[in-house]
Trainee: 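I'd like to ask you about the structure that follows.
Computed from a predicted model, the values in this text were never measured in an experiment.
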Amino acid sequence: MSMRRLSLVLAGATAAVLIAMVAVSIATGATQEAHEHFHPYPEYATALIARPGGLRALMGLDVAFLCLYTGFFAAFATYLRQRGQPFTYLALGAMVATALLDIVEDHHILSLLAMAESGRPIAESTIAFQETLSSTKFSVSYLALFLFGLAIPRTSKLGWALALFLTAGTLASATLGYAAPPAWRESLDSGRWIGFLAGFAIAGAWLVREPESSTT
C-alpha cells in the first residue's frame, strides 16, 4: 500500500475514534479537558469521581487515538518526504513527542482518579503539574502541526486551505487558547474537537486529489 493510501486509511480511522470519543463524552458527561486545568483539591477530586466510568472509557479511547494519529502522521510525513517536501523530520519528531506526552497525561489522570476513589488527598502541586503537562503537550502539538503546514505543497486550492489551516489556524488557536480568560475554556475545549475533525477532513480531501509519490 502506498503512503498516500495508508495516510487516507489512518486519517479515516483516527477520525472515527475521535467521533467515538465525542459520543462517549456526550453520553456520559465525562471529559478529559476538565482535568487538564488547575482547580483546588476538593473541587478537582470531586470532578474526577463524578463520572469515573466515562473518564476511563475516554482514556482508553485516547490511547487508541494517539496510536492512530501517530501512525497517520508517520505515513503522511513519509508521503511528503517522498515528494521532496521540507520539515517532515522535524514535524514528525514533534508529533511523536506529543504522543509520548499524551501517554503520560492519560496515565497521570488515571492515577489521580485512583487516588480520589480511594479517598487519598491529591497535592495541589500535583494538580498544577497536570495542567503543565497538558499545556506542554498541546504546545508541542502546535509546533508539529505548524511544521506539517509548512510542508504541504501549495499547488492547489485544497493545498492552500490545508497549509493555512495548519499554519495560520494553529497559531491562532494556540494564541487564543492561552490568552483567553478561564470562562472561555469549555467553549475552546469543545472547539478543539471540531478543529481536529476538520483537520482530518481537509487532509483526507487533499490526499484524495493528490498524486502518488514517485516512491511507493
Side-chain angles (χ1 to χ4, degrees), residues 14-70 94-145 169-170 172-200:
T14 308
V17 173
L18 267 175
I19 292 170
M21 292 175 74
V22 172
V24 168
S25 185
I26 293 172
T28 66
T31 69
Q32 179 174 341
E33 290 77 17
H35 314 298
E36 294 174 344
H37 305 292
F38 177 84
H39 298 283
Y41 159 63
E43 181 182 344
Y44 192 88
T46 298
L48 278 171
I49 61 177
R51 301 171 181 87
L55 182 56
R56 286 193 172 90
L58 283 176
M59 295 295 100
L61 286 169
D62 198 43
V63 172
F65 174 56
L66 69 89
C67 289
L68 287 166
Y69 77 64
T70 303
M95 192 56 72
V96 170
T98 299
L100 293 175
L101 289 168
D102 211 351
I103 292 170
V104 176
E105 177 190 53
D106 288 347
H107 291 293
H108 191 251
I109 291 174
L110 287 173
S111 296
L112 297 180
L113 173 59
M115 291 176 66
E117 287 181 321
S118 64
R120 304 297 298 175
I122 302 171
E124 292 195 343
S125 59
T126 302
I127 301 172
F129 170 77
Q130 177 57 56
E131 180 172 41
T132 301
L133 174 61
S134 297
S135 297
T136 301
K137 178 198 72 175
F138 283 118
S139 292
V140 176
S141 74
Y142 295 146
L143 172 62
L145 293 172
T170 294
S173 177
T175 301
L176 181 60
Y178 291 126
W184 294 12
R185 279 178 182 166
E186 186 174 349
S187 296
L188 291 174
D189 288 340
S190 299
R192 185 182 293 134
W193 291 101
I194 297 171
F196 288 162
L197 287 170
F200 282 111

Trainee: Phe196 vs Met21, test: side chain to side chain contact (heavy atoms under 4.5 Å, CB included). Steps then yes/no.
Mentor: CA-CA 12 Å; Phe196 288 162; Met21 292 175 74; over 6 Å; no

Trainee: Taking atom types as modelled, is there a side-chain donor on Thr126 or Gln130 under 3.5 Å from an acceptor on the other?
Mentor: no

Trainee: Taking atom CZ of Phe200 and atom CG of Leu18, what is their separation to the nearest 0.5 Å?
Mentor: 6.0 Å

Trainee: Which pair of non-hydrogen atoms, one from Ala97 and one from Val140, has the smallest distance, and what is that distance?
Mentor: CB-CG1, 4.0 Å

Trainee: State, to 0.1 Å, how close Ser134 and Glu105 come at their nearest heavy-atom pair, and which atoms those are.
Mentor: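 Here Ser134 and Glu105 meet closest at OG-OE2, 2.5 Å.
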
Trainee: Report the distance from atom CG of Leu55 to atom CG of Leu110, rounding to the nearest 0.5 Å.
Mentor: 6.5 Å

Trainee: Please name the residue in the list Leu61, Leu113, Ile109 that meets the side-chain contact (heavy atoms from CB on, under 4.5 Å) test with Arg56.
Mentor: Leu113

Trainee: Hydrogens and angles aside, do Tyr178 and Ser139 bring a side-chain donor and acceptor to less than 3.5 Å of each other?
Mentor: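 Looking only at side-chain atoms, Ser139 and Tyr178 do form a donor-acceptor pair, the distance falling under 3.5 Å.
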
Trainee: Given 3.5 Å as the limit, does a donor-acceptor pair link the side chain of Ser173 with the main chain of Gly169, or not?
Mentor: no

Trainee: Taking atom CG of Leu197 and atom OG1 of Thr14, what is their separation to the nearest 0.5 Å?
Mentor: 10.5 Å

Trainee: The test is side chain to side chain contact (heavy atoms under 4.5 Å, CB included); show your working for Glu33 and Arg185 and say whether it passes.
Mentor: CA-CA 9 Å; Glu33 290 77 17; Arg185 279 178 182 166; over 6 Å; no

Trainee: Do Leu48 and Leu112 come within less than 4.5 Å of each other through their side chains, counting heavy atoms only?
Mentor: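 Yes, side chains in contact.
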
Trainee: I need the minimum non-hydrogen distance between Arg120 and Tyr41, along with the two atoms involved.
Mentor: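 Of all heavy-atom pairs spanning Arg120 and Tyr41, the closest is O-OH, 3.7 Å.
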
Trainee: Might you point out which heavy atoms bring Phe38 and Pro40 nearest each other, and give the distance in Å?
Mentor: CE2-N, 4.0 Å

Trainee: Going from CD on Glu36 to OG on Ser135, what distance comes out if it is rounded to the nearest 0.5 angstrom?
Mentor: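 That separation rounds to 8.0 Å.
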
Trainee: What is the distance from atom CG of Asp102 to atom CG of Leu66, rounded to the nearest 0.5 Å?
Mentor: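 So the CG of Asp102 and the CG of Leu66 are separated by 5.0 Å.
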
Trainee: Which heavy atom in Pro52 sits nearest to a heavy atom in Glu117, and how many Å separate them?
Mentor: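 Looks like CB-OE2, 3.3 Å.
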
Trainee: Hey, what do you get for NZ (Lys137) to CD1 (Ile103), rounding to the nearest 0.5 Å?
Mentor: 11.5 Å

Trainee: Quick check: does any side chain N or O of Tyr69 sit under 3.5 Å from a backbone N or O of Met95, one acting as donor and the other as acceptor?
Mentor: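 Side chain of Tyr69 to backbone of Met95: no pair is present.
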
Trainee: Is the backbone of His35 close enough, under 3.5 Å, to the side chain of Tyr44 for a donor and an acceptor to pair up by distance?
Mentor: yes

Trainee: Looking at Ala30 and Gly54, what are the two nearest heavy atoms and their distance?
Mentor: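 Nearest heavy atoms, Ala30 then Gly54: CB-C, 3.6 Å.
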
Trainee: Compare all side-chain heavy atoms of Asp189 with those of Gln32 and state whether any distance is below 4.5 angstrom.
Mentor: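 The answer is no, as the side chains (C-beta and beyond) never meet within the 4.5 Å cut-off.
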
